[in-house]
Amino acid sequence: MLKFAGLSAVEESAYLALIRQGGARLVELGDRLGLSEVRVRRVVGVLEREGFVHRTPPPAERVVPVPPDLAVEQLIRRRYAELELTREAAHRLAAEAQGRASNRRTEELIEIVSGRAAVGRAFERVQRSARQEMRVLVAPPYAVPTSVNSTQLDREAAGVTYRAVYDSSALDDPEFAASVAAHVRAGEQARLAVALPTKLAVADRTLALLPLAWTASAHNAALLVHPCGLLDALVALFETLWTQATPLPAAGGAGDHQRGTGPERLPTEAGISAEDRHLLSLLVSGLTDEAAGARLGLSRRTVVRRVQVLMQRTNSRSRLQLGWQAHERGWL
């Protein structure tokens, strides 16, 4: 009944006994509860300190209960006062921490990670530190081009959202395209962009991993960036690229190139097949007819024919107009 007031079971029992049976001397209260005098003194001391009882003057000293409504009201006021002091202390600590962050040395803001294994561990660390969202730019060269990111699947299961922008060349390799499709099916929000400027992984707004060089040796050295102006700039870079990139649909996505049957042939609610939706997303992202056809297992002639059909359906006179119509109709 009174456990939320901070009383133990025996303390609550003592107080309820005093309320129901009236005040008592320590010995009498001990007899009521079946407690030793030493234990009763300790219990009464807690009740008195918390404002639930008071003692009458000696020699006929008695323990008298404070009415419950008054006792609890006093307790609430004390707790409010204590919480207010805690709030003030927290504000002072926050101000101190902010000042500390603004005066952090460069080596505390940016860590240099050397060695392929160390960079891999750093990427794992970034993912594990995310509590809400991971932002990722994915571009070649790839450390392990055909693997599925098992850590990503674990973090998504824990409620972390993944947003990834892939360089359009990422889908050149069918095996890598299959891993992209697996991530998208698992819940990743993915987009395609032409010529990404760098690789990048950002956990919330707390930690980022950035390669030192965008070359074959990119996996051997990287920067871990803690909260600072550089991290803010990296987040802004990602958001700009994300806005400009083309959504990569889950249905009929990368790596699903089988023709003739399957879900990619079924019309979507928007009125076009998922394969046509995927074709449009590839073309809008800047791929040529040949490159888009290669990813979908289609000939260039088939790509041209299907684009012409879509242009006729939307009364578009150019592919630029078709892209605008596709966006307006919710096809992209």
Does V66 share a hydrophobic cluster with V72, counting links as ILVMFWY side-chain heavy atoms below 4.5 Å and allowing steps through other members?
no
Would you say the side-chain atoms of E124 and T151 include a donor-acceptor pair closer than 3.5 Å?
yes
Please confirm whether the backbone N or O of D289 pairs with a side-chain atom of R300, one donor and one acceptor, at under 3.5 Å?
no
I'd like to know if R131 pairs up with D204 as an ion pair, taking the criterion as any Lys NZ or Arg NE/NH1/NH2 lying under 4.0 Å from an Asp or Glu carboxylate oxygen.
no
Determine whether V202 and L231 satisfy the following criterion, side-chain contact (heavy atoms from CB on, under 4.5 Å), listing intermediate values before the conclusion.
CA-CA 8 Å; V202 184; L231 180 59; 4.1 Å; yes
K199 (side chain) donor-acceptor with V138 (main chain) under 3.5 angstrom:
no
Let me confirm one number: the CG-CG distance from L282 to L296, rounded to the nearest 0.5 Å.
5.5 Å
For the backbone of V148 and the side chain of S179, can you confirm whether one donor and one acceptor N or O come within less than 3.5 Å of each other?
no
R55 atom CZ: more than 12 heavy-atom contacts under 6.0 Å
yes
Side-chain donor-acceptor contact under 3.5 Å, E50 with Y15:
no
Test: R39 and E37 ion pair at under 4.0 Å:
no
With a 4.5 Å cut-off on side-chain heavy atoms, are L7 and F52 touching?
yes
Evaluate the side-chain proximity of M134 to T161: yes if any heavy-atom separation is below 4.5 Å, no if none is.
no
Side chain of R295, backbone of A291: donor and acceptor closer than 3.5 Å?
yes
Partner of V53 by side chain to side chain contact (heavy atoms under 4.5 Å, CB included), out of I19, V43, V63
V63
Can you confirm whether R205 sits close enough to V235 that some side-chain heavy atom of one is under 4.5 Å from a side-chain heavy atom of the other?
yes
Side-chain heavy-atom pair Q244, R191 within 4.5 angstrom cut-off:
no
If we only count heavy atoms from C-beta on, is the V165 to R135 side-chain gap below 4.5 Å?
no
Nearest heavy atoms of A14 and L29, plus distance in Å
O-CD1, 4.3 Å
Just checking R163: does its CZ atom have more than 12 heavy atoms from other residues, nucleotides or ligands closer to it than 6.0 angstrom?
yes
Under a 3.5 Å threshold, yes or no: a donor from one side chain and an acceptor from the other, between S299 and T302?
yes
Could you tell me whether D154 and R128 make a salt bridge, using a distance below 4.0 angstrom between a side-chain N and a carboxylate O?
yes
Option passing side chain to side chain contact (heavy atoms under 4.5 Å, CB included) with V119 (candidates L212, V113, N220, L224)
V113
Would you call R25-E28 a salt bridge at under 4.0 Å N-O?
no
Supply the atom-to-atom distance L75 CG to L70 CG, rounded to the nearest 0.5 angstrom.
12.5 Å
If only side-chain N and O atoms count, and only distance matters, is there a donor-acceptor pair under 3.5 Å linking Q152 with Q127?
no
Between the side chains of E156 and H183, does any donor sit under 3.5 Å from an acceptor?
no
